[in-house]
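What you see is a predicted model, and the numbers here were worked out from it, not measured in a lab. Labels below follow one simple rule: chain letters A, B, ... track the order of the sequence lines, proteins then strands, and each chain is numbered from 1.
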2 protein chains.
Amino acid sequence: MAATIRDVARASGVHVSTVSRTFSAPHLVNAETRNRVLAVAEDLGYRPNRAARALTTGRTHNIGLIVADISNPFFPPLIKAAQAQARARDYHVFVADTDEDPQVEEELIQTLAKQVDGVLLCSPRLSNRVIERLHAEVPFVVVNRRVKGMPTILMDVGQGARLAIEHLTGLGHHRIALLSGPSGSWTSGEMRAAAAEMDGVELVILGPNAPTERGGLAVAEEVIASGVTGVLAYNDLVAIGLIEGLYERGVRVPDDISVVGVDDIVAGRLNRPKLTSVAMPTAAAGRMAVDLLLQSFDEGATPTLATLDTHLVVRESTDRAALFPRG
Amino acid sequence: MAATIRDVARASGVHVSTVSRTFSAPHLVNAETRNRVLAVAEDLGYRPNRAARALTTGRTHNIGLIVADISNPFFPPLIKAAQAQARARDYHVFVADTDEDPQVEEELIQTLAKQVDGVLLCSPRLSNRVIERLHAEVPFVVVNRRVKGMPTILMDVGQGARLAIEHLTGLGHHRIALLSGPSGSWTSGEMRAAAAEMDGVELVILGPNAPTERGGLAVAEEVIASGVTGVLAYNDLVAIGLIEGLYERGVRVPDDISVVGVDDIVAGRLNRPKLTSVAMPTAAAGRMAVDLLLQSFDEGATPTLATLDTHLVVRESTDRAALFPRG
DNA sequence: ATGTTTCATGCAACCGGTTGCAGCCCCTGA
DNA sequence: TCAGGGGCTGCAACCGGTTGCATGAAACAT
């Protein structure tokens with residue numbers, strides 16, 4: 001089938017080690033020899049087998065990227081940024097989706113462990129304990145989850161939640177619902193903690209909810225029953241689903257209830273009403289995650305913790321509370 | 001570091017080949033020995049290194065899945081279905097994104113070639129010539145592109161385009177714009193060909209357009225200038241962007257112009273107006289793609305061509321043409 | 001008691017690369 | 001003339017597994 005290093009060696013009359021060096025340490029081989037080998041390799045369509053190389057070097061030059069749900073539009077910008085950054089560093093990214101299933105997540109990490117140099121865990125659903133155990137098999141960078149002793153990238157969603165709630169109270173909303181996410185979600189906990197310590201707010205916690213528009217649709221009834229005038233949803237998908245559900249029940253946004261999402265995904269911008277949302281620095285997180293991971297290979301570097309700021313994008317889904325003076 | 005097969009062999013007092021067989025051909029080893037080896041392996045946290053195994057067996061049990069743009073919501077259902085199907089067959093899927101760049105696509109295939117047993121090419125942007133050349137290095141299944149001699153899955157988008165146009169003409173639209181996609185897109189060509197041979201339609205072709213809402217936004221001005229009353233967009237994202245662009249210019253959908261998208265993505269269902277769209281059997285395509293690929297490993301099987309039907313989902317973005325009798 | 005199977009295991013080569021070490025050649029300087 | 005050193009290449013072991021073949025023991029048939 002495909003030409004191997006020995007085919008090239010034979011055809012160019014040198015030893016395999018010389019061919020090997022031609023590709024992995026060119027400065028060690030005479031220019032003339034090198035050119036001959038390269039010509040033969042080109043001719044035979046030879047390409048070094050990265051997997052075989054990894055066997056001796058211990059470096060695959062691949063990194064794994066595990067996300068909970070690839071169809072959640074929150075992830076693609078992060079994935080793309082990570083891929084671009086990795087490519088620039090001569091690495092490749094393999095993406096895998098766990099379907100929000102911790103079991104699958106663990107299995108995936110196990111499989112990936114030997115085929116990549118490190119793994120980016122984005123919004124993992126596994127428990128910290130399991131993550132720490134798996135860490136023995138492969139280096140991690142964790143995104144949106146705090147695990148001690150591991151390089152971590154956090155998006156400051158607590159700050160985002162505060163901004164969102166301040167925005168709502170500023171508009172006269174005082175009874176506010178917080179739609180929480182999946183039970184394993186660190187993000188959800190952060191939002192809840194941040195919201196709980198704010199003054200002048202009657203907080204109603206509803207959930208856990210699936211982090212999808214379906215989750216938002218399903219909770220609409222409860223939101224109405226709770227008598228709130230403002231809602232902070234776990235993410236934009238939930239917010240969009242909720243708005244849809246409210247709409248079906250004759251409750252209008254933002255006239256009757258104001259809704260804030262999180263993530264600032266494209267669909268929110270195209271939604272009607274356009275969604276007010278907490279914007280997450282996903283692309284920056286993707287780039288930084290790759291850099292942190294590569295960095296962790298080189299040195300016995302101490303694990304870094306990076307916290308990235310979020311900000312609020314005000315659009316049309318929030319407005320003054322109904323009983324609040326309009327003028 | 002991680003335990004190897006030799007560590008296990010030493011600790012359990014057998015030869016490495018026995019350990020190897022314990023995992024890859026258990027029936028060849030005595031039950032008692034097997035249990036002892038398994039216990040030791042468990043104890044040491046040993047897991048077979050799939051990459052090393054692949055070196056001799058030639059089977060990685062991985063498959064690659066290459067898409068043009070992971071942030072296009074058309075792909076995730078396909079990806080998820082492929083992953084689920086692969087898992088059921090004891091295979092794993094690595095996803096990679098080409099950013100719509102043929103150069104990147106080729107490079108990615110080259111890299112993946114040795115690390116997977118086969119590759120699913122979804123809506124590739126490479127030319128058939130290049131695809132055929134690369135086929136020497138790794139088995140393919142091609143989705144939404146016709147390449148001779150290769151297992152192929154097509155979604156019958158020509159039929160979908162006909163359904164959409166019939167729907168529009170039935171509503172009294174006779175001057176219809178077709179917003180084409182990227183220049184390398186097979187899908188786009190099929191739509192165009194199908195549309196061109198329909199009677200009673202004045203077809204205006206606009207494009208190529210980027211297959212994103214941005215692409216739709218950008219072409220809005222041209223659509224208005226063309227004087228059409230009906231539009232068939234390359235996909236839902238383009239349709240959504242177009243509707244947004246028309247809206248900004250005071251043109252209303254479906255009152256002034258009717259718009260049909262393709263793919264039936266979730267965002268289209270949440271859009272206002274809800275999008276009329278040609279639904280693609282993406283999940284079925286993902287499952288079938290995996291099966292076709294695995295099948296192509298086993299036998300010297302002749303490459304199959306599967307064509308999957310599409311159907312039209314009518315929602316709110318299409319209505320009677322303005323001059324068409326309403327009653 | 002002997003020949004034949006069957007079962008379980010060990011041996012060693014191999015997959016496609018990498019790399020420390022040794023050896024050769026040639027150039028330099030004393 | 002010869003020691004020393006640099007540049008280039010070959011040798012062979014190694015990475016972590018798999019597998020065809022040989023071996024040995026036990027079980028069975030004759």
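Note on ring orientation: taking the six-membered ring where Trp is involved, the planes of A/Tyr91 and A/Phe297 are tilted (angle from 30° to 60°).
Within the 4.0 angstrom heavy-atom criterion, base atoms lie near A/Ser20. Within 4.0 Å (heavy atoms only), B/Phe23 reaches no atom of the nucleic acid at all. Nucleic acid contact class of A/Arg50 (heavy atoms, under 4.0 Å, all strands): none. Backbone-only contact: B/Thr4 has heavy atoms under 4.0 Å from sugar-phosphate atoms and none from a base.
Inter-residue side-chain proximity for A/Phe75 and A/Thr282 is flagged as unmet; no heavy-atom pair is nearer than 4.5 Å.
The distance from the CG atom of B/Asn144 to the OG1 atom of B/Thr187 is 4.0 Å, given to the nearest 0.5 Å. A/Leu154 CG to A/Arg145 CZ: the interatomic distance, rounded to the nearest 0.5 Å, is 11.0 Å.
Between B/Asp99 and A/Lys80 a salt bridge is recorded (basic side-chain N to carboxylate O distance below 4.0 Å). Salt bridge A/Arg47/A/Glu42: absent, no basic N to carboxylate O contact under 4.0 Å.
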Scan nucleotides 7-11 of chain D against the protein and return all N/O pairs shorter than 3.5 Å with their distances rounded to 0.1 Å.
{"from": "D/dT9", "atom 1": "OP1", "to": "A/Thr33", "atom 2": "OG1", "distance (Å)": "2.3"}
{"from": "D/dT9", "atom 1": "OP2", "to": "A/Asn30", "atom 2": "N", "distance (Å)": "3.0"}
{"from": "D/dG10", "atom 1": "OP2", "to": "A/His15", "atom 2": "N", "distance (Å)": "2.9"}
{"from": "D/dG10", "atom 1": "OP2", "to": "A/Thr18", "atom 2": "OG1", "distance (Å)": "2.6"}
{"from": "D/dG10", "atom 1": "N7", "to": "A/Arg21", "atom 2": "NH2", "distance (Å)": "2.9"}
{"from": "D/dG10", "atom 1": "O6", "to": "A/Arg21", "atom 2": "NH2", "distance (Å)": "3.3"}
{"from": "D/dC11", "atom 1": "N4", "to": "A/Ser17", "atom 2": "OG", "distance (Å)": "3.3"}

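Read 5' to 3', the first and last nucleotides of DNA chain C with an atom closer than 4.0 Å to a heavy atom of chain B are C/dA8 to C/dG16.
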